[in-house]
Chemist: 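Questions regarding the structure given below will be posed in turn.
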Amino acid sequence: MKERVVEAKRLVGKKTVRGKTYEYEYYTLPLNLYIPKSMVEKHGTKYMLQVDEESGTITIRPTKG
C-alpha cells in the first residue's frame, strides 16, 4: 500500500447558458479525483491518499492538524 499527503487544488469553472455566464468552484486531488467542496470547508485542503494496488482501492482521509 502506498501512502502520501496531498493537497486539494481549487479550480474555477465558467459556463455560459443562454447568454449568461456562471462561475463555479470545485476541488481536485492528484489522479484527477474530485473532492466535494463541503469536505474542503470542513477538513481543510490536506489529505492522506492511500492506494492499495492489490485490491485496486483508493482511500482519502483528512490529515490531523
Side-chain angles (χ1 to χ4, degrees):
M1 182 181 300
K2 294 181 182 180
E3 293 183 358
R4 63 181 175 154
V5 176
V6 295
E7 189 166 348
K9 188 178 0 173
R10 179 181 172 266
L11 299 172
V12 177
K14 293 181 182 180
K15 188 169 189 167
T16 303
V17 177
R18 297 182 191 165
K20 192 170 184 181
T21 303
Y22 297 93
E23 285 190 6
Y24 56 95
E25 65 181 15
Y26 59 99
Y27 294 86
T28 61
L29 294 173
L31 305 176
N32 290 331
L33 298 172
Y34 166 79
I35 188 164
K37 184 178 175 182
S38 61
M39 271 187 75
V40 173
E41 290 172 349
K42 185 175 181 180
H43 300 290
T45 59
K46 296 211 184 255
Y47 293 88
M48 176 65 69
L49 182 69
Q50 297 174 334
V51 179
D52 188 357
E53 295 174 348
E54 289 182 12
S55 63
T57 59
I58 299 172
T59 307
I60 303 168
R61 293 192 176 118
T63 58
K64 309 265 192 230

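Side-chain atoms are counted along with the backbone in the values below, which use heavy atoms only and exclude waters and symmetry mates. We number each residue from 1, following the sequence as shown. None of the values given here were measured: they were computed from a predicted structure.
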Chemist: Looking at Pro30 and Glu7, what are the two nearest heavy atoms and their distance?
Modeler: CD-O, 4.4 Å
Chemist: What's the shortest heavy-atom distance between Ala8 and Val40, and which atoms?
Modeler: CB-CG2, 4.4 Å
Chemist: Please identify each residue that fulfils side chain to side chain contact (heavy atoms under 4.5 Å, CB included) with Tyr34, with sequence neighbours left out.
Modeler: Tyr26, Pro36
Chemist: Under a single-linkage definition using a 4.5 Å side-chain heavy-atom cutoff for Ile, Leu, Val, Met, Phe, Trp and Tyr, are Met48 and Met39 assigned to the same hydrophobic cluster?
Modeler: no
Chemist: Does anything in residues 24-41 form a salt bridge (charged side-chain N to carboxylate O under 4.0 Å, His left out)? List the pairs, not counting sequence neighbours.
Modeler: Arg10-Glu25, Glu25-Lys37
Chemist: Do Ile58 and Tyr27 sit in the same hydrophobic cluster, where Ile, Leu, Val, Met, Phe, Trp and Tyr count as joined when their side-chain heavy atoms come under 4.5 Å apart?
Modeler: yes
Chemist: Kindly compute the distance separating OG1 (Thr45) from NZ (Lys9), expressed to the nearest 0.5 Å.
Modeler: 13.0 Å
Chemist: Take Leu31 and Leu49, measure what side-chain contact (heavy atoms from CB on, under 4.5 Å) needs, and give me the verdict at the end.
Modeler: CA-CA 10 Å; Leu31 305 176; Leu49 182 69; 4.1 Å; yes
Chemist: What closest approach, in Å, do Ile35 and Thr28 show between heavy atoms, and which atom pair accounts for it?
Modeler: CG2-N, 4.3 Å
Chemist: Please find the pair of heavy atoms, one from Lys14 and one from Thr21, that lie closest to each other, and give the distance.
Modeler: CB-CG2, 4.4 Å
Chemist: Which residue pairs pass the side-chain hydrogen bond (donor to acceptor under 3.5 Å, both in side chains) test with at least one member in residues 49-61, sequence neighbours excluded?
Modeler: Lys2-Glu53, Glu3-Gln50, Gln50-Arg61, Asp52-Ser55, Ser55-Thr57
Chemist: Of the non-hydrogen atoms in Pro62 and Tyr47, which two are nearest, and what is the gap between them?
Modeler: CA-CD2, 3.5 Å
